[in-house]
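This report concerns only the one structure given below.
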Amino acid sequence: MPNLARRITDTSPKSYGMVAKAAGMDHTNRDIIHLELGKPHHTTPQHIVEATVSALRNGEVHYSDLPGLPEFRAAISNKLTSYNGIDAGADEVIVTNGLTQASFAAFMALIDHGDEVILLEPYYPQHFGKIEMAGGRPVMVALDPNKDYAIESAAIEKAITPRTKAIVLVNPCNPTGRVYSREELAGLAELAQRHDLFVIADEVYDQIVFDGAMHVSIASLPGMKDRTVSMYAFTKSFAMDGWRLGYVTAGPDLLAAIGKVVATEVTHVNTFIQYGGIAALNGPGEILSDMVIDDQKKRDLVVARLNQMPGVTCALPKGTIYAFPDISGTGLKSQDAADRLLKEADVVVESGAFYGPAGESHLRVCFGSESFERLELAMNRMQAFFNSL
Ligand SMILES: Cc1ncc(COP(=O)(O)O)c(C=O)c1O
């Protein structure tokens with residue numbers, strides 16, 4: 001065994017949950033329906049593809065500015081101001097390889113050995129490993145399923161110690177589908193200010209909200225801009241998961257530190273890919289809203305069907321592409337249910353426990369990754385499985 005770096009040996013092995021368990025199944029003769037991975041079913045809109053191909057044809061194949069193309073950062077600045085209510089200029093933005101790189105750079109820039117970072121549970125597992133790799137210690141605060149996984153600052157405050165450096169917020173929330181209210185966020189913001197903490201805000205689903213729900217960016221609240229790292233991506237809203245394109249804004253010193261990590265790691269994001277991002281932001285807004293309307297219809301179908309299954313109840317998610325049904329009435333543990341659904345019903349969903357103990361007795365069902373027909377088939381299979389228990 002080579003003498004590996006502590007940042008590797010001290011990082012928990014990454015679990016890929018049901019994604020790993022279902023890998024390779026598609027090469028068997030079974031017809032597996034994948035509702036485990038948040039991979040958009042839509043394809044990237046054509047005008048984005050065309051702009052990228054044109055950029056390549058026009059010779060945009062060389063290095064760009066390290067933080068990203070000025071024209072792209074100007075378009076991002078417009079979006080942050082108009083949609084997120086964050087008054088960030090083009091020079092306050094860094095383009096990244098998806099949200100994944102933005103959050104990695106944020107943790108590397110902020111977290112020292114022994115620093116504690118609060119994760120609200122159910123949490124997004126990727127953040128856990130990144131905190132560890134940066135030398136930090138993830139500290140879990142369980143949100144209460146009986147209170148619709150609401151953010152309660154009193155519970156969070158109990159977990160704060162002199163070593164606490166930051167709180168991670170995923171809003172809208174993967175896996176619960178919660179879109180946090182202004183009041184919940186104001187409570188969190190007050191806590192961050194009183195204890196002098198940073199908020200690392202993963203807002204990858206900011207534009208996937210339903211029923212007219214309003215997404216509120218915590219950085220837009222008074223006094224929060226400089227103590228928040230706000231991270232976004234084209235991944236989900238523009239169906240650009242394979243493109244690896246995202247961006248981050250933060251207070252000046254922190255953003256400079258994040259820029260140092262990104263530039264050290266990759267220099268910058270692929271130049272021609274950034275032209276696709278410009279086309280996405282400057283293109284017709286209906287394309288984006290049509291995709292959200294489609295996701296909302298799929299949500300309605302899946303949630304209605306889940307609520308007809310014995311022992312299953314499902315709240316209506318106000319954002320993201322996930323339903324998070326409570327299966328406690330079936331008597332099954334969430335991992336057993338997920339394993340059996342794969343084995344007996346050829347449907348892959350993620351277990352709630354994958355997102356920490358507060359997710360137990362739930363499943364995460366992605367409704368954004370398949371067609372209506374396939375979703376109906378998956379729901380028929382799940383219904384038959386739960387009927388048979
Ligand atoms: C909460 C959350 N953050 C980050 C990501 C990863 O985003 P990206 O593909 O842009 O790196 C995902 C993808 O599922 C996610 O759900």
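We count ligands from 1, going down the list as the structure has it; atoms in each ligand are counted the same way. Numbers here are sequence positions counted from 1. Every heavy atom of this structure was used, including side-chain atoms; hydrogens, water molecules and symmetry mates were not. The shown structure was predicted, so the numbers you read here are calculated from the model rather than taken from an experiment.
For ligand 1 and V204, the ligand atoms under 4.0 Å from any heavy atom of the residue are 1 (C), 2 (C), 3 (N), 15 (C). In summary, the atoms of ligand 1 found under 4.0 Å from a heavy atom of V170, numbered by their order in the structure, are 1 (C). Of all the atoms in ligand 1, the ones that sit under 4.0 Å from a non-hydrogen atom of A233 are 10 (O). The distance from ligand 1 to the heavy atoms of G98 drops below 4.0 Å at these ligand atoms: 10 (O), 11 (O).
In this structure, atom 3 (N) of ligand 1 lies nearest to the protein heavy atom D202 OD2, 2.5 Å. Nearest protein neighbour of atom 12 (C) of ligand 1, counting heavy atoms only, is Y124 OH, 3.2 Å. Of the protein's non-hydrogen atoms, T100 OG1, 2.5 Å is the one closest to atom 11 (O) of ligand 1.
Using bins of under 30°, 30° to 60° and over 60° for the plane-to-plane angle, the ring pair F234/F238 lands in the tilted bin.
Annotation: Y205 places an N or O atom under 3.5 Å from an N or O atom of ligand 1; distance criterion only. For ligand 1, none of its N or O atoms has an N or O atom of H127 under 3.5 Å away. When only interatomic distances are considered, the shortest N/O to N/O separation between L99 and ligand 1 falls below 3.5 Å. Note: an N/O pair closer than 3.5 Å links K236 and ligand 1 by distance alone.
Taking the ring axis of Y232 as reference, the NZ or CZ atom of K79 stays within 45° of it and closer than 6.0 Å to the ring centre.
The ring-ring contact (aromatic ring centres under 6.0 Å, His included) contacts involving residues 144-175 comprise Y149-F324, Y149-H362, where partners must be two or more places apart or lie in separate chains.
Partner of Y322 under the ring pair (Phe, Tyr, Trp, His ring centres under 6.0 Å) criterion, chosen from Y355, Y205, F210, F367: Y205. Each of Q207, E203, K318 was checked for a side chain to side chain donor-acceptor pair (under 3.5 Å) with H215, and the lone residue meeting it is E203.
Around the CZ atom of R6, the shell of radius 6.0 Å holds no more than 12 heavy atoms that belong to other residues, nucleotides or ligands.
Counting only N and O atoms by type, the side chains of N380 and E376 include no donor and acceptor under 3.5 Å apart.
Evaluation of the salt bridge (charged side-chain N to carboxylate O under 4.0 Å, His left out) rule for R364 yields no partner, not counting sequence neighbours.
Contact annotation: for T235 versus ligand 1, heavy atoms closer than 4.0 Å belong to the side chain alone. Only side-chain heavy atoms of R244 come within less than 4.0 Å of ligand 1; its backbone N, CA, C and O stay farther off.
By the 4.0 Å heavy-atom criterion, D241 is excluded from the residues contacting ligand 1.
Here the closest non-hydrogen pair linking I218 and A201 is CG2-CB, 4.1 Å.
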